Engineer: 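This is the structure, below, for whatever I ask next.
Because the structure is a prediction, the values reported are computed rather than measured.
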Amino acid sequence: MKKKHLLLLFFLLIGNVPNVNSESIKSEGWYDVNKLYLNNGFTEISEAMKKAENFWGENIELPTRLPPIIFTHMLGKFESNKEFSRLEITYLDENSGNVRYKISVLKASPEKEHEKSSVVTEKIKSSDGIEIIHYKNNKNFDTFIINKKGIEYAFFIDKISFNKITIEGIVKIIDSME
């Protein structure tokens, strides 16, 4: 008998929860990209890069070229603990509420073998001869990984935006790294 009452109460409560979507959040003023990301450790890209470079003692190269998609915000975050450290650069579009492009930077480890953990779609060469591994292992993003001067860079482009750029365009972005 108690189970039936709990189940009925559960359905009554669920029925009274308002429908919240990204449009209602924006229109009601709940959605502020800066607050959402800044409250979760994101800062300006240059500040996050300085933290990573100081921690690793390495120079980080980022591309000077971006994909041909609209971004309203560009933010960075450096995370580190005893076992793991990562720099994340996120480019998003406030109007869609989605991350469109992201770069994740890690110190490269020789024992890491990407081929075993994911499905490699193709291997491409940059104009500098750097191997670019392309994965279609995620339903939301295409991933491109390179290892340059002991640092691993993973470029994530969302599926919607990936339709607007070619593989040659990705190679040009990677070639623009300084």
Side-chain angles (χ1 to χ4, degrees), residues 22 25 31-115 117-121 124 126 130-162 164-165 167 169-178:
S22 63
I25 289 172
Y31 182 75
D32 182 344
V33 170
N34 283 329
K35 284 183 184 175
L36 179 67
Y37 280 82
L38 295 175
N39 288 340
N40 285 299
F42 282 84
T43 63
E44 291 182 11
I45 292 173
S46 60
E47 186 178 327
M49 279 185 62
K50 282 180 191 174
K51 287 180 183 178
E53 288 176 337
N54 288 337
F55 185 84
W56 290 327
E58 301 279 345
N59 183 37
I60 297 169
E61 300 177 14
L62 289 180
T64 56
R65 181 174 263 193
L66 293 172
I69 42 186
I70 296 171
F71 305 115
T72 58
H73 292 73
M74 297 172 268
L75 301 162
K77 180 179 185 177
F78 180 68
E79 301 174 293
S80 66
N81 60 39
K82 291 180 182 177
E83 294 89 34
F84 180 78
S85 58
R86 174 182 65 175
L87 171 64
E88 181 180 321
I89 310 293
T90 301
Y91 299 83
L92 50 110
D93 177 14
E94 180 178 43
N95 299 318
S96 73
N98 295 328
V99 171
R100 294 289 182 210
Y101 175 59
K102 182 166 80 169
I103 303 171
S104 184
V105 183
L106 306 162
K107 283 284 277 189
S109 59
E111 68 273 0
K112 191 184 249 184
E113 291 188 39
H114 297 286
E115 289 83 358
S117 63
S118 299
V119 177
V120 175
T121 304
I124 312 158
S126 73
I130 294 172
E131 183 177 71
I132 304 167
I133 302 171
H134 177 202
Y135 298 99
K136 288 187 177 181
N137 59 338
N138 186 315
K139 66 179 181 177
N140 299 320
F141 288 91
D142 269 42
T143 307
F144 299 85
I145 296 179
I146 67 166
N147 191 323
K148 188 172 183 180
K149 297 179 184 175
I151 297 179
E152 181 178 283
Y153 298 84
F155 299 84
F156 302 89
I157 300 177
D158 75 325
K159 295 288 186 186
I160 295 168
S161 301
F162 189 67
K164 299 175 185 174
I165 188 167
I167 296 295
I170 297 295
V171 172
K172 285 181 182 179
I173 290 169
I174 291 171
D175 283 344
S176 76
M177 291 176 69
E178 300 179 340

Engineer: Quick one: CD1 on I151 to CD on E61, what's the gap to the nearest 0.5 Å?
Structural biologist: 7.5 Å
Engineer: For a quick test of reading the model, state the closest non-hydrogen atom pair linking D175 to S126 and the distance between them.
Structural biologist: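 Minimum heavy-atom separation between D175 and S126: OD1-CB, 3.1 Å.
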Engineer: So, taking the atom named CE in M49 and the one named CG in N59, what distance separates them when rounded to the nearest 0.5 Å?
Structural biologist: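 Going from CE on M49 over to CG on N59, the span is 7.0 Å.
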Engineer: Is any side-chain heavy atom of F155 less than 4.5 Å from a side-chain heavy atom of I132?
Structural biologist: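 Result no, sub-4.5 Å side-chain heavy-atom pair not found.
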Engineer: Do H134 and D142 come within less than 4.5 Å of each other through their side chains, counting heavy atoms only?
Structural biologist: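 Sidechains of D142 and H134: in contact.
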Engineer: Once rounded to the nearest 0.5 Å, what's the spacing between atom CD1 of I133 and atom OG1 of T143?
Structural biologist: 11.0 Å
Engineer: How far apart are the closest heavy atoms of N147 and I130, and which atoms are they?
Structural biologist: O-CG2, 4.1 Å
Engineer: Which distance, rounded to the nearest 0.5 Å, do you find between the CD1 of I146 and the CD1 of I170?
Structural biologist: 11.5 Å
Engineer: Can you pull the salt bridge (charged side-chain N to carboxylate O under 4.0 Å, His left out) pairs that have at least one residue in residues 67-79, sequence neighbours excluded?
Structural biologist: K77-E79, E79-R86
Engineer: Heavy-atom count check: over 12 atoms from other residues, nucleotides or ligands less than 6.0 Å from K148 NZ?
Structural biologist: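 Yes - once you tally the heavy atoms of other residues, nucleotides and ligands closer than 6.0 Å, there are more than 12.
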Engineer: For the atom pair NE2 (H73) and CZ (F42), what is the distance rounded to the nearest 0.5 Å?
Structural biologist: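 Interatomic distance, H73 NE2 to F42 CZ, rounded to 0.5 Å: 12.5 Å.
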Engineer: For Y101 and Y91, take the angle between the two ring planes, folded into 0 to 90°, and tell me which bin it lands in: parallel under 30, tilted 30 to 60, perpendicular over 60.
Structural biologist: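 Judged by the thresholds at 30° and 60°, the geometry between Y101 and Y91 is tilted.
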Engineer: Using modelled atom types only, decide if a donor and an acceptor are shared between the side chain of E152 and the backbone of I145 within a distance under 3.5 Å.
Structural biologist: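 Side chain of E152 to backbone of I145: no pair is present.
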Engineer: Begin with the C-alpha distance, continue with both residues' side-chain angles, and end with the deciding distance and a verdict on side chain to side chain contact (heavy atoms under 4.5 Å, CB included) for N54 and F78.
Structural biologist: CA-CA 11 Å; N54 288 337; F78 180 68; over 6 Å; no
Engineer: Using side-chain heavy atoms (C-beta onward) and a distance below 4.5 Å, is Y153 in contact with P63?
Structural biologist: no
Engineer: Provide the closest heavy-atom pair for I165 versus P68 in the form atom of the first, atom of the second, distance.
Structural biologist: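 For I165 and P68, the tightest heavy-atom pair comes out as CD1-CD, 3.8 Å.
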Engineer: Do the ring planes of F156 and F141 sit parallel (below 30°), tilted (30 to 60°) or perpendicular (above 60°)?
Structural biologist: perpendicular
Engineer: For the CG atom of D93 and the CD1 atom of I70, what is their distance to the nearest 0.5 Å?
Structural biologist: 6.5 Å
Engineer: Does I174 reach the side chain of I124, with side-chain heavy atoms less than 4.5 Å apart?
Structural biologist: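 The answer is no; the side chains never approach within 4.5 Å.
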